[in-house]
Amino acid sequence: MRWLISHLLGRVAQEIRDWWSHSQRREYRKMLKRFSEDIQSITDLDYLASRSTELFTLGLESSSTCLLVPSRSSDDFVVLSAAGLIPSSQYILKSDSLILRWLKQNDGFLPRGDMDIIPQLQALSAKEKAEITQMGGELFIPLKNNGSLSGVIVLGSKRSGWPYWRSDYRLLSSVCPRVAVSLANAYLYQEIQQKQEQLTIVTELSKAITSSLDIKTVHHTLVRELKRLMDADLAVIVLTEGEGLKIAALSREPRVPLKLAQAISLWEPGIAWTRQHQKTLVEADLDRERKFSAEESLLGHGLRSVVYLPLPSRGKIFANFILCSHRPYAYGEKELSTLEQLSSQIAIAVENTRLYTLGREQRARLEVLNRQRNEFILTISHELRTPLTSLKVSADILTKECGISGQSLPAELLANISSSAGRMERRISELLDFLKLQTATLELKLESVNVKQALQDTVASILPLTSAKKQAIAIDIPEPLPVARLDRQRLEQIMLNLLVNAHKYTPSGGKIKVSAQVDNSNLVLEVSDTGCGIPPEEQELIFTPYYHGRQPGTGLGIGLSLAKSLVELHGGKIWVESEPGEGSAFSFTIPLTADREVAQAFRSKL
């Protein structure tokens, strides 16, 4: 009797459980149907995928549900969402899979039991069969939108152990087309959102990487912003210098213990490939396939995918931007599109920083050479000045002590020695003044100067030279000419340089004229001649240091440059007016009251 009661109670409990299970299943199926009717408005892809797999699992009493969608980096189908007892969420339907090919070509469902009788699927590899078994896939359902396969639902076996019934197939036939459309719409919405975000980031990135001339700052900014769009576990800029390579900047995650000494050899084959083929190289999964044996070391550091982006300038690849990821297939069409969009901006930024660095290094080298040159000139000038002074003094003493005078040969020789030594002294003084101006160490000694007297003294000093060439020299100075506050020695030096220049280029019997006038608060001085004149293309060049123009090799080539600097040191300006064959007129202005602050401002520009 007890056994009978126990048996009856067990039957009742089982009936209640079955009723409850059937009721729950019916409720879940209603939820799945309602969800399929409402999903058109869902644009959140992750929510759509996870909710769909959850309701498929519950409504069909499946042990598992897997939703596979096209990979962004390949033609494979990968898991987007899974529910239930999934042994591995890394299941992939490869692009060359016979199952995937069948699902694309057919609209019906594919039960696992039919795989052995469908001719197209009888050639399934043992590996693919093992993967299906591992996944527990019992029913493969294609999700198609406008004839295109947008996803695949893989259902595991039913928890009850029973096969899927016709009612299950009817439910799937009703729900799956709606899921396919909603899935395609959600993908499209997500793609639009991502493109807008990508465009914003690319715009910001373009501005950011061109805002600095430091290669490491550019690299840091580039990698930081790129990480918002793609993996950058390791990023490096490699410059091509002649036949060699140089790492310009490198950043890596702490888990990539890569040494710089190793890096060049790892990437050299890939860089050579991009230079040869003139295009980007992607290594999708180093574990499955790699072009170069050197990349095995990258795999040893846990890096699975790498992209080599060539950076061209003037039609040649001068650098590569290399990205690596720990994930396989990290760089798909979207990532490559972004990188190639940015390639020209990255190339410009890197080239600018490279040229800036090169220019800075060259400038530093030139500054060293210039300093060494100045030190050498200064040393040699002092070494020459002492014996020249002794030579000139000795000639003067010899003339006096020996009573040599008149037109005798000894008198002419001693006079020649004395004048040549004096000319050499003036050349050395000019050279030292030029060096002082170059190094901003020349100071003006400002004083009240009788300009008329200073000009007359300067003209008197050159009369022996003009007389020897029978040149007429005239002075046109108005009365009264005001007293000016300037450096008399430098004024006479400017005038002497201009007068010597006029004497040199004016033929015998020619004319030289010195004139002065006051224009507002400026003193305007002019030295004109009836010489050979200066071609228009040379009139700006004659004020540059070491320029000889019409007679190469004569003099130091610094006279006019020195005159220009001394005029500007006083706060004035100098210019020339000339016509070939008709002579030249050199004019310059000097403020009547020179200002030390003006001189200081001029020196600061040197």
Are L171 and L60 packed together at the side-chain level, in the sense that at least one heavy-atom pair is separated by less than 4.5 angstrom?
yes
Please list, chain by chain and in numerical order, all residues satisfying side chain to side chain contact (heavy atoms under 4.5 Å, CB included) with P310, sequence neighbours excluded.
T274, T280, I317, N320
With sequence neighbours excluded, what pairs up with R354 under the side chain to side chain contact (heavy atoms under 4.5 Å, CB included) test?
L239, F318, E351
Side-chain donor-acceptor pair present, H219, S251, cut-off under 3.5 Å
yes
Short question: side chain of S150, backbone of L143 - any donor-acceptor pair under 3.5 Å?
yes
T338 meets the side-chain hydrogen bond (donor to acceptor under 3.5 Å, both in side chains) criterion, sequence neighbours left out, with Q198
Contacts of type salt bridge (Lys or Arg N to Asp or Glu O under 4.0 Å), residue K334, not counting sequence neighbours
none
Residues which pass side-chain hydrogen bond (donor to acceptor under 3.5 Å, both in side chains) with T217, listed by chain and number, not counting sequence neighbours:
D214
Ring-plane angle category for W273 and H277, please: parallel below 30°, perpendicular beyond 60°, tilted otherwise.
parallel
So, using salt bridge (Lys or Arg N to Asp or Glu O under 4.0 Å) as the criterion, who are the partners of E138 when residues are at least two apart?
R112
Intermediate values then yes/no, ring pair (Phe, Tyr, Trp, His ring centres under 6.0 Å), Y164 and Y169
CA-CA 7 Å; Y164 288 99; Y169 280 85; 7.2 Å; no
Would you please name every residue forming a salt bridge (Lys or Arg N to Asp or Glu O under 4.0 Å) with E295, sequence neighbours left out?
none
Residues which pass salt bridge (Lys or Arg N to Asp or Glu O under 4.0 Å) with D231, listed by chain and number, not counting sequence neighbours:
R327
Output all residues satisfying side-chain hydrogen bond (donor to acceptor under 3.5 Å, both in side chains) with Q105, sequence neighbours left out; order by chain, then residue number.
Q120
Check: E61 and R159 side chains under 4.5 Å, non-hydrogen atoms:
yes
So, T53 and T65: side-chain donor and acceptor under 3.5 Å apart, yes or no?
no
Side chain to side chain contact (heavy atoms under 4.5 Å, CB included) filter on K127, not counting sequence neighbours, yields S125, E131
Sequence-distant partners of F292, ring pair (Phe, Tyr, Trp, His ring centres under 6.0 Å), two or more places apart
none
Do M115 and L110 pass the side chain to side chain contact (heavy atoms under 4.5 Å, CB included) test, and can you show the C-alpha distance, the side-chain angles, and the key distance before you say yes or no?
CA-CA 8 Å; M115 292 182 186; L110 177 61; 4.0 Å; yes
Testing the 3.5 Å rule here: is there a donor-acceptor pair between the side chains of S305 and E283?
no
Without placing hydrogens or testing angles, list every side-chain donor-acceptor pair under 3.5 Å for residues 359-366, not counting sequence neighbours.
from	atom 1	to	atom 2	distance (Å)
R363	NE	E367	OE2	3.2

